[in-house]
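Just so we're on the same page: letters track the sequence lines, and every chain starts at 1.
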Number of protein chains: 2
Amino acid sequence: MIKVLVVDDEPQIARALRINLTAHGYEVSTAPDGAQGLRAAAAVVPDLVVLDLGLPDMDGTEVIAGLRGWSKAPILVLSGRAASAEKIAALDAGADDYVTKPFDIGELLARVRAATRRSGPGGDSPVTAIGEATVDLAARVVRRGGAEVRLTPTEWQLLEVLLRNPGKLVGQRELLHRVWGPNYDRETNYLRQYMAQLRRKLETDPARPVHLLTEPGMGYRFRP
Amino acid sequence: MIKVLVVDDEPQIARALRINLTAHGYEVSTAPDGAQGLRAAAAVVPDLVVLDLGLPDMDGTEVIAGLRGWSKAPILVLSGRAASAEKIAALDAGADDYVTKPFDIGELLARVRAATRRSGPGGDSPVTAIGEATVDLAARVVRRGGAEVRLTPTEWQLLEVLLRNPGKLVGQRELLHRVWGPNYDRETNYLRQYMAQLRRKLETDPARPVHLLTEPGMGYRFRP
DNA sequence: CGATGCCGTCAAGAAAGCGTCAAAGGTGAC
DNA sequence: GTCACCTTTGACGCTTTCTTGACGGCATCG
């Protein structure tokens, strides 16, 4: 079932969306503000996010950026403001669509279908093989010999950046920026620490990695 | 370069779109009606289609269906009609976005960016051939006869400067500045050392280089 | 014809980066 | 409040890389 997260501070709208989406076969969760929305997204791992920009606690683009840090799920923005500058800012921050209130519920559902159609039935199984382990980035599941392997949030972020650039070298500065934030430039010991943990959990012989490779002085690379 | 196909029967709009898209770095083709639009799509294989629904010869959903038969490129629909039923029909036929006229050109460009962002980063990085070796600067990979060749960070920087100026002579001072920093002016022994290593790793006959050439007293040159 | 740069090569010591272990904060769950 | 888990630090061998020096060959030029 397709999971949708609705982030909206107006109870009527959130309720209306929940009812309509549920009636059309979606699994719906809701959150009333940006912080709880981000936490819910981390917990639920939704396939699509409907995000109201008029949240009380955070700026809309911040929420989008927070989501885009570790999720590629489509983001459909709702907003009362119709100004083009608002739309452009939201879209360039990482949103996929922008609908101004008041909106037609049928049109919104159609846009939800269009957004999920792209990422949903894309015949590509989002499962990546790393040696004897398999990683499903969308479902956030790692299996190894039938058993499930648990990864911490930081390990997921780091692994996702590497897996989304198969074969390509990712510089250590870029890794630090994308996982820890723009203020981290020289904390390469973080990378050493978490790369070692990932190798322990994924590689067949962690001391001699075959898929999670180190390029000394530059960064790391995932080789399929 | 990202290829965009504009299908619109109104010359002013088609022209305005062409100008704006071209100015933002897209490669634009245009078609005045549905039949020619489908033919143009087959010919240029665009990465994104901007489709006006008010075409003289075909219904909009027919054009969308014709495209979706073989292409997964995002379709951005333009229309004068704001009725929800129209939007729902177009989106469910396979369109990715729907913008009603009159539209803000900046917003349209933002929606184009959002649409291409999704399908965009699946691309191939450019590779440069050096004799029997191939260099991928973006992925930081060197292959030679199937096997991977490892370069150190300094070797990469030096090679990158040369490869980004194909055929051009790069002075020794400039090389030293760009690889080691502005304080290095006279350490030409560094260049000798690392050029020799690059030739050993890349050239077929390191003693007689064909692509990484020395210009005595001046600098070095990469000949493709 | 000898002298003088300049380049290519080889061989060390110096320095930096990596993997690993261990342990101290923080945070949420119960 | 306690506990468990995750994150953040610190420190230490070890390997790789960078830096530095020295030597011979080759061409140019006086």
Pick base, sugar-phosphate or nothing for [X], based on heavy-atom distances below 4.0 Å to the nucleic acid.
X      : answer
A:R39  : nothing
B:Q172 : sugar-phosphate
A:R199 : sugar-phosphate
B:Q193 : base
A:R186 : nothing
B:Y194 : base

Proximity to the side chain of [X] - top-ranked nucleotide from [options]:
X      : options                : answer
B:P153 : D:dT17, D:dT19, C:dC18 : D:dT17
B:R192 : D:dA22, C:dC21, C:dC18 : D:dA22
A:T154 : D:dT7, C:dG19, D:dC18  : D:dT7

- Query: Salt bridge or not for B:R143 and B:D136, using N-O below 4.0 Å?
  - Reply: no
- Query: Got a donor-acceptor contact below 3.5 angstrom from the B:K201 side chain to the B:R150 backbone?
  - Reply: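 It does hold such a pair.
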- Ignoring hydrogens and angles, tell me if any N or O in the side chain of B:R199 forms a donor-acceptor pair with the backbone of B:D205 under 3.5 Å. no
- Between B:H177 and B:N183, do the side chains contain an N or O donor and an N or O acceptor separated by less than 3.5 Å?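 Judged by distance alone, the side chains do not pair up.
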